[in-house]
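Take a look at the structure below.
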Amino acid sequence: MKIKKDVVEIVFNSLEGQLSREQIEHMLEKPQYDYMGDLAFPCFTLAKLFRQSPQSIASDIASKITNPLVEKVEAVRGYVNVFLKRDKVTNEVINEVNRSAQEYGNLDIGRGEVVTLDFSSPNIAKPFSMGHLRSTVIGNSLALVAEKCGYKTVKINHIGDWGTQFGKLIVAYRLWGKEDTLRQDPIKELLKLYVHFHEKAEHDPSLNDQAREWFKKLEEGNEEARSLWTWFREESLQEFSKIYKKLGITFDSYHGEAFYNDKMQRIVDLLEEKKMLEQSEGAHVVPLEDLPPCLIRKRDGSTLYATRDLAAAVYRQENYHFKKSLYVVGNEQSLHFQQLFTVLKKMGYEWQKGMEHISFGMMLKDGKKMSTRKGKIVLLEEVIQEAISLAMKNINDKNPQLEAKEEVARHVGTGAIIFHDLKHHRSNDIEFSLEDMLRFEGETGPYVQYTHARASSLLVKGQFEKDSDHVGIDDKEAWSVVTQLMYFPNVIKRASENSDPSQIAKYVVELSRAFNQYYGSVRVLDDASKRQARLSLVYSVKAVLKEGLRLLGLQAPEKM
RNA sequence: GCGCCCGUAGCUCAAUUGGAUAGAGUAUCUGACUACGAAUCAGAAGGUUAGAGGUUCGAGUCCUCUCGGGCGCACCA
């Protein structure tokens, strides 16, 4: 918004260079209450520099502010409060949003550099649980935000298709599995085998030894192990793709862990060359100063997660030349990423600085982590299905003649689930609650979608002409909508800087709320002379809501 | 034991990154559909920000300690 830059400039000039423009812009804030104006600048930090009271500094600055968009300026309790000329600012904002439409809020902080995002990354032969949902929707949204900020993105689904778990599954399948039952419902059957294995292994530790043995065979190319692995993998990927399709999420790469099998030796050699490897209790490790050592090779010579992640990082840098590399993975793996990053740094890779673990809290059930091993998980597929059914029921109740009901129900149902996840700050644990997830009222995805649909139908009914000349809006009630619209680019910036999609989720709720209040108090279509002007506001709201929802990975149906 | 995350209204969460009087949703109660879409809106009520110190003009936010919860900590990923 231009006005903000103007105020920064005026304050900057009146401070004789004591603060930079960036600092001033950072300090400018939105006052808490309306009567304090539309922009505020606190002068407390300046009191020492100028050896004056904050209040007298504020008065001084206030007296210097003159601008065609400013109505009046007050100095109150050490703050400079700026009141904007609402009619003029309203017109500027609405014109800008109307002109740029879905490009409103685009930023150029990425400057075309590449950011890789490692997210979703479900494990083969395990069902897609609620836990994986978080990584999936957060990663997807971060990718969309990054693109809006001018980055090029590479979305990587680092499938968990390697590791000792396969040894376990192979052992379990050979002992208790039946081919035809597994063919019928592969994921459920594999989960049963996995759970059964862990029950038995508690009393019979030799099973774990067998599992490690079979994993070693798999790494050495044993034919039976290999063909079972391929089979399990195919079945799982098919199952996952159903879910991605429902959520509307795509990837640029499905290179999983197995992809790096032939790329690990090089890393081990490099570590050897740099004298970073040490033997410890028969295993090969990289000792680290303030962290536990990073395990590279097991006693029996087979590889570990860290080994593959090292290979993956190098591969990604060499192939994508990333500036930033984000790992959207649960916070229970924060130690692993600290180790990974430290090892890469010790190897001398400058680009390691661009890597970041975007951690998030877990989905808890009854206050506890859900455990695949014990079969204590909630299947995402079932939750999605329930949400879609409920959305369908709502449509049949409220709008039975709607076209393309199935599609809309899918958009609303999945929207509720995605939004429920993204509105919480990443780092918080989320207690699993089907009831909360299936709520369509209040601060929810469907609330925002509903607001968008409402705006859409106003535009159709009022025959909005986008490019016509509009006289200004003079509704008092429009102001809070206009200020919200004005903040959108800031919200994008914050979401990007903090890798925090919840900023956008909260924002679209606020904008919806402001618009619904406006809608409740102003009859948009009644007065023909004001209709097009008011519709231009409605159009701005619709465009920004749609864009905000898109950045979260939600659809914005025209009707619902 | 050590490390990381967290503790705000009955419940679920915010709080412009240290700013003015801590705000929403939900649940409860009340009001608004022959009304541009009631998946909505208006109103009531709900708080010693876990507790104690400290830093400063100012602390829910930063530091220390205590209590409580979650997750990690060598051959799983």
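In this text the structure is predicted, and so the values were computed from the model without any measurement. Throughout, protein chains are lettered first and strands after them, A, B, ... in sequence-line order, and every chain is numbered starting at 1.
- Between A/Trp229 and A/Phe166, the ring planes lie perpendicular to each other; the angle is over 60°, past the 30° to 60° tilted range.
- In this pair, A/Tyr79 lays its aromatic ring flat on the base of B/A20, centres within 5.5 Å and planes under 30 degrees apart.
- Among the heavy atoms of the strands lying under 4.0 Å from A/Pro293 is at least one base atom, whether or not backbone atoms are also near.
- Because its NZ or CZ atom is not both nearer than 6.0 Å to the ring centre of A/Phe197 and within 45° of the ring axis, A/Lys200 does not count as a cation-pi partner of that residue.
- Using a 4.0 Å heavy-atom distance criterion, A/Leu535 is classed as making no nucleic acid contact.
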Exercise for the section: Let me have a per-nucleotide readout for nucleotides 26-34 of chain B, 5' to 3', with B, S or -, counting only protein heavy atoms under 4.0 Å. Expected result: S--------
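- Annotation: B/A39 and B/G46 have their C1' atoms spaced 26 Å apart (nearest Å).
- Taking the C1' atoms as reference points, B/G47 lies 15 Å from B/C13, given to the whole Å.
- Scanning atom types as modelled, no donor and acceptor separated by under 3.5 angstrom connect the side chain of A/Ser334 and the base of B/G72.
- Separation of atoms CD1 (A/Ile473) and OG (A/Ser536) is listed at 4.5 Å; rounding is to 0.5 Å.
- In this structure, B/A52 forms a base pair with B/U64, meeting either the Watson-Crick or the G-U wobble geometry with both donor-acceptor distances under 3.5 Å.
- By the 30° and 60° cut-offs, the orientation of the rings of A/His424 relative to A/His420 is perpendicular.
- The aromatic rings of A/Tyr327 and A/Phe337 sit tilted, their planes meeting at an angle between 30° and 60°.
- A donor and an acceptor atom, one from each side chain of A/Asn331 and A/Gln333, are nowhere located under 3.5 Å apart.
- Figure legend. B/G72 is base-paired to B/C2; pairs are counted as Watson-Crick or G-U wobble with both atom distances under 3.5 Å.
- A salt bridge links A/Arg513 with A/Glu510: the closest approach of a Lys/Arg side-chain nitrogen to an acidic carboxylate oxygen falls below 4.0 angstrom.
- Within the shown strands, B/A32 is the pairing partner of B/U40 under the Watson-Crick or G-U definition, both distances less than 3.5 Å.
- Among the heavy atoms of the strands lying under 4.0 Å from A/Tyr33 is at least one base atom, whether or not backbone atoms are also near.
- Checked by distance alone, A/Thr444 brings no side-chain donor or acceptor within 3.5 Å of a matching partner on the base of B/A39.
- For a distance-only test at 3.5 Å, the side chain of A/Asn81 qualifies as a donor-acceptor partner of the base of B/A20.
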